[in-house]
Amino acid sequence: MRALTSRRENSIAPITPPVEAGWEVKYNLIPMKEIVRSRIEQALGELYKIDPPEFKVEKPKDEELGDLATNVAFLLSKALRKNPNEIAKELSEKLSQEDMFEAVEAVRGFINLRLSRNFILSEFRRLLSEGEDYFKEDIGRGLKVQLEFVSANPTGPLHLGHGRGAVVGDALARLFEFYGFNITREYYINDAGRQVYILGVSVFYRYLELFGKEGERPGIKKLFEEEGYKGEYVIEIAKALKGAVGDLLLSRDGVPEAKERILSYGFDFPLSYTSAFKPVREPEVELCSAFGLDMMMEEIREDLGSMCVDFDVWFSERSLYERGLVDKLIEELRERGYVYEAEGALWLKTSQFGDDKDRVLRKSDGTYTYFASDIAYHWDKFKRGFDKVIDLWGADHHGYIPRVKASLKMLRIPEDWLEVYLIQMVKFFREGKEVKMSKRAGTFVPLREALNEVGPDAVRFLFLTKRSDTPLDFDVDKAKEKSSDNPVFYVQYAHARISGVFREVKERFNLDPEKEDLSPFLESLEEDIELKLMKKTLMIKDELIDITLRRDPHLITYFLIDLAGLFHHYYNHHRIIGSEKRIMKGRLALLKGIRTALRLSLKLIGVSAPERM
RNA sequence: GGGCCCGUAGCUCAGCUGGACAGAGCAGGGGAUUUCUAAUCCCCAGGUCGGAGGUUCGAGUCCUCCCGGGCCCGCCA
């Protein structure tokens, strides 16, 4: 996911180790890279008596070089008027006295650090005793963050692109929650405006069709043919409607009775729009709208639910109008001098704040634009006291960002309060051919179809195998394959294998690795790969924090595949059961730590961690 | 015409806010299993990072231009 503003602007809570805290305290409070950073900073202070620059601590490209490396010598070379390599050498010497490092080496200006066995073992023991809390940090400190995502129009079923937004948004929400943010997941329902009327027309037309009477309402027929929703689902709604009300809606007089019938019919989903229904101009069409909205929202909720995505708030656009918030907003903007009238419409001077041109708030026919209610919506979010709002929009809305940002500036809302990320389209492939999606023609591939065929775990995982602002190809046939082409199974299998070993051990040795404290036996592990596995597992802490601050949840799938791969390799080359007792126990401890990391990471992307497969 | 995004191995994509010889999976070829699940593992191959300049000690990464692909540019939602 790429930020629209710079990463620095976007960062919520940079991890700044408390200056006054001693090393022992930090040792227990911050991720690996930060622990190392603080050691380097201290060494710099002692050596050169200077304020350390903004340097990097990162994994070297080649693992052979070390566990971590820093570029600090390059950055200091100007200030100290010294050759980077010379600085690196001096610093290496200093750092090698630390017992957390096994080796510190200066190579062409880089400083490569290898963590000591003792340090890794002590960290891993901590992981075993703390479980997933080991990876946790209170970065958010309760900061109120709202994540608005999906927000698909309730005029049709969710398609794959919405599913992608749901998965990315939910994963972000889970990450933020894990790191101490107070998260609200919100879905904005566009239940106002013309599209809702068109939904009603479409449902009503299909309803008439069921009685063979569509020809009797030429106005409805024409509108349906020109603008109606042609998808199969509209027919389903019409059928359900007919089931509940019979032929009552064929005459306008039947509308009040029809409403009562729907409410008492025994639908097992909430009928909030139907309950609130009040006839205005075309009661039969409007009742169809209300019932259509109820049924669509139910379907949307179900689809999201089957991917384990749920929202704290389902926010109705209509409610903004009912509360008079749109009018109030326009009044507010007018007072600030940003609103003017031209050609019978009401305009907002967004061009003053970076938009290409001014935008219409109220059309000359007196109705409001979607834009108007959307600003009102964000204004309302601000007034609800969120410290930060993150929106995930479909990529086709990208041109919309400048005008929303401009209007927020007019309302004196801080620039970095709103972050917007774009979710790119998903192309659907079946048998190697693309299945085109078009809502109007009704040929789009609903999310439900993919979920039924492929299953929620694979769908979620696959949606996170690519950065979300680039288009994604979704190949159903591949997704269904239970092969290594499908990385979700590869990762889940690693988890299932560990669980399998634990079951076996319980049975054969009456030893329960879940309950028993096996951490003292880590000492008996002497293979390089075992140390490597520990390091990789521990470094997940750094990865997860990074991913959260960068809002790049797709990277989770990459380190999962990486960790699972190393584990599978290990598993194929080393016996756990059958090795010497103390080694077996050490290996069980190792597996337990790995499993904790796998479980947590899978949980954060909402994928299940099966005990067996 | 303007704006946004993308262009890395035959294919699908990573590349951690400029750093050390450019990575993974798939596809292709060859091997491993009487053992804790073979949905696994091991070995082999492949790229002038779309092109050209520039900034820098250092560029796949930043800047400019060009080429190619996608999306968006409504008093639609």
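Only this structure's heavy atoms are used, side chains among them; waters, hydrogens and symmetry mates stay out. In what follows, chains carry the letters A, B, and so on, assigned in the order in which the sequence lines appear, proteins first and then strands, with residues in each chain numbered from 1.
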Colleague: For C4(B), does either OP1 or OP2 sit under 4.0 Å from a side-chain N or O belonging to Y421(A)?
Modeller: no
Colleague: For RNA chain B, which ranges pair as stems of 3 or more consecutive Watson-Crick or G-U pairs, with both donor-acceptor distances under 3.5 Å?
Modeller: B:1-7 with B:67-73, B:10-13 with B:23-26, B:28-32 with B:40-44, B:50-54 with B:62-66
Colleague: Please list, chain by chain and in numerical order, all residues satisfying salt bridge (charged side-chain N to carboxylate O under 4.0 Å, His left out) with K349(A), sequence neighbours excluded.
Modeller: none
Colleague: Considering only nitrogen or oxygen atoms on both sides, find all protein atoms under 3.5 Å from nucleotides 8-11 of chain B and state each distance.
Modeller:
none

Colleague: Of the listed nucleotides (A38(B), C36(B), C41(B)), which one gets closest to any side-chain atom of I576(A)?
Modeller: C36(B)
Colleague: Between H554(A) and G15(B), is there a side-chain N or O to OP1/OP2 distance below 4.0 Å?
Modeller: yes
Colleague: Between the base of G19(B) and the ring of F110(A) - centre-to-centre under 5.5 Å, planes within under 30° - is that a stack?
Modeller: no
Colleague: N572(A) side chain: which of C16(B), U40(B), C36(B) is closest?
Modeller: U40(B)
Colleague: Measure from the side-chain heavy atoms of M613(A) and tell me the nearest of C36(B), C6(B), U37(B).
Modeller: U37(B)
Colleague: State which of A14(B), C36(B), A39(B) makes the closest approach to the side chain of R467(A).
Modeller: A14(B)
Colleague: Within this structure, what is the CG-CD1 distance for the pair L590(A) and I576(A), rounded to the nearest 0.5 Å?
Modeller: 8.0 Å
Colleague: Run the ring-ring contact (aromatic ring centres under 6.0 Å, His included) test against F135(A) and tell me which residues pass, sequence neighbours left out.
Modeller: none
Colleague: Listed by chain and number, what are the ring-ring contact (aromatic ring centres under 6.0 Å, His included) partners of F149(A), not counting sequence neighbours?
Modeller: F311(A)
Colleague: Among residues two or more places apart or on two chains, list those pairs meeting salt bridge (Lys or Arg N to Asp or Glu O under 4.0 Å) that have a residue in residues 555-569 of chain A.
Modeller: K536(A)-D562(A)
Colleague: Which residue pairs pass the salt bridge (Lys or Arg N to Asp or Glu O under 4.0 Å) test with at least one member in residues 573-582 of chain A, sequence neighbours excluded?
Modeller: E580(A)-R582(A)
Colleague: Partners of Y558(A) by ring-ring contact (aromatic ring centres under 6.0 Å, His included), sequence neighbours excluded?
Modeller: none
Colleague: Only counting residues at least two apart or in another chain, list the ones meeting salt bridge (charged side-chain N to carboxylate O under 4.0 Å, His left out) with R164(A).
Modeller: none
Colleague: Return the set of residues passing salt bridge (charged side-chain N to carboxylate O under 4.0 Å, His left out) with E58(A) (not counting sequence neighbours), or none when no residue passes.
Modeller: K56(A)
Colleague: Among residues at least two apart in sequence or on other chains, which ones pass salt bridge (charged side-chain N to carboxylate O under 4.0 Å, His left out) with K535(A)?
Modeller: D67(A)
Colleague: With the criterion being N/O to N/O and under 3.5 Å, what pairs connect the protein with nucleotides 72-75 of chain B, and how long is each?
Modeller:
from, atom 1, to, atom 2, distance (Å)
C75(B), O2, S364(A), N, 2.7
C75(B), O2, S364(A), OG, 2.7
C75(B), N3, S364(A), OG, 3.4
C75(B), N4, E343(A), O, 2.7
C75(B), N4, E343(A), OE1, 3.3

